[in-house]
There are 2 protein chains.
Amino acid sequence: MKKAEATRLNILHKAFELIYVKGYQTTSIDDIIATTQVTKGAFYYHFKNKDNMGLAIVNEILKPIFVNSFVKPLQNEKNPLDAIYNLMYNLLMENEFLKVEFGCPAANFTQEMTPWNVHFSKVLNELTKEWIETMTYSIEEGKKREFVRNDVNARQTSMFVMSGYWGIRNFGKLENSKKAYLPYLKELKNYLNTLK
Amino acid sequence: MKKAEATRLNILHKAFELIYVKGYQTTSIDDIIATTQVTKGAFYYHFKNKDNMGLAIVNEILKPIFVNSFVKPLQNEKNPLDAIYNLMYNLLMENEFLKVEFGCPAANFTQEMTPWNVHFSKVLNELTKEWIETMTYSIEEGKKREFVRNDVNARQTSMFVMSGYWGIRNFGKLENSKKAYLPYLKELKNYLNTLK
DNA sequence: CATAAAAGATACCGCTTAGTATTTTTGTAA
DNA sequence: TTACAAAAATACTAAGCGGTATCTTTTATG
């Protein structure tokens, strides 16, 4: 990897961390260049402006993480209900990258940027759509293999599950404790069992 | 009502609207005094600083709305499952105050302020706790009247329901359409039916 | 090794921010 | 009417913001 590319990625990674912790609007470019040890000239060599960098973060950092952690675990799994529960358990309880006190990066971005910048909304919407679609497909396949009742509406279920995840992330943030996740996970299991 | 008190409340109401639409951090005091037609001197006569005003908004504006719209509809209802569904339907589809494109004010505040100001977290936590508690009690009562299965965990269910609500609000914001609410509501109904 | 372009450093600009200090107006009770 | 405090207006500050212009260093290539 070229040095310039390394500098760029370094900015993206560090900035993403800062934004995940502090929020986008309250993370200043001066904050970013201070923690990356990169000067303003270097920053503006690589990015046209702040939003340009923000979009790069979503596309180049958040998206791959999302696909790897949220989408892939649902693919090529035989029993979708187990896969969904395991995914949620993993994301909430075990994932070392996602921290309870900072919530869900995608949800954070959505809430903060949606009123301001349509480009963010667009990309984030594509991201969530991919998740919903994958989960929906996974449930449909599960029906064929008789892991899931035939009268279950796959898309409806996917949206219901995703909503719960986003919501409990926000609640965990408020409580600042993973304990808040446990009753949610238990009830998620109950709910998923009713779909068998 | 004294004129001074009217000025104060006017600031709180207008500021709340602005913050609901734009977010707390990105709503400046200059924005607020511009839309309220109140001068900076008047603003700082009534509030020590911005966060002081923010807390007053949560306590004096958000809290009463929350109790009226979220908590009261669950009280003195015989069938908690119907009450919960009707509440959610009402909040998402009919409530004239809550707008799909701006999400849930309480959730917005939570996400934005939790990393910064513990006072906000505390008040917001009390708010949600009140909701959870009311819903939990309502379900417990429903058990006694045989509207709800006896093996249902009331608190677990409440947290599950609340999470879904917060999550779908964020999703609605992203999609910018109430259509996103419909599959959620359908599946919520399915879920609630399994608790009978 | 020369050279040019890529990459990065430095200083600064115009503007906005939250907050303060000071003055002026308004309401009310004696 | 006067006295005085409550309420509001005005002008200002210091710091922070995103962004630009300009200069210097590094790197790749003939």
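Proteins get letters first, then strands, A, B, ... in listed order; numbering begins at 1 in each. Atoms considered below: every heavy atom in the structure, side chains included; atoms not considered: hydrogens, waters and symmetry mates. This is a predicted model, so every value here is computed, not measured.
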So salt bridge (Lys or Arg N to Asp or Glu O under 4.0 Å) across residues 111-132 of chain A, not counting sequence neighbours, yields A/Lys122-A/Glu126
Apply salt bridge (Lys or Arg N to Asp or Glu O under 4.0 Å) to A/Asp31 and list each qualifying residue two or more places apart in sequence or on a separate chain.
-> A/Lys22
Selection residues 53-66 of chain B - residue pairs positive for side-chain hydrogen bond (donor to acceptor under 3.5 Å, both in side chains), sequence neighbours left out = B/Arg8-B/Glu60
Tell me, please, which residues at least two apart from A/Arg155 pass side-chain contact (heavy atoms from CB on, under 4.5 Å).
-> A/Ile132, A/Glu133, A/Thr136, A/Asn153
State which residues pass salt bridge (Lys or Arg N to Asp or Glu O under 4.0 Å) with B/Glu141; sequence neighbours excluded, sorted by chain then number.
-> B/Lys144
What is the per-nucleotide protein-contact pattern of nucleotides 6-16 of chain C, from the 5' end, where B denotes a base atom under 4.0 Å from a protein heavy atom, S denotes such proximity for sugar-phosphate atoms only, and - denotes neither?
-> SBSBB------
Who pairs with A/Tyr44 by side-chain contact (heavy atoms from CB on, under 4.5 Å), at least two apart in sequence or on another chain?
-> A/Ile29, A/Lys40
Ordered by number, residues from residues 10-23 of chain B within less than 4.0 Å of DNA chain C (heavy atoms) are none
Applying side chain to side chain donor-acceptor pair (under 3.5 Å) to B/Tyr85 and not counting sequence neighbours gives none
For B/Phe171, the ring-ring contact (aromatic ring centres under 6.0 Å, His included) test, sequence neighbours excluded, returns none
Are B/Phe160 and A/Tyr165 close enough that their ring centres sit under 6.0 Å apart?
-> no
Restricting to pairs with a member in residues 186-195 of chain B, which pass side-chain hydrogen bond (donor to acceptor under 3.5 Å, both in side chains), not counting sequence neighbours?
-> A/Gln156-B/Glu187, A/Glu187-B/Tyr191, A/Tyr191-B/Glu187, B/Glu187-B/Asn190, B/Asn193-B/Lys196
First and last nucleotide of DNA chain D touching chain B, 5' to 3', heavy-atom cut-off 4.0 Å?
-> D/dA6 to D/dA11
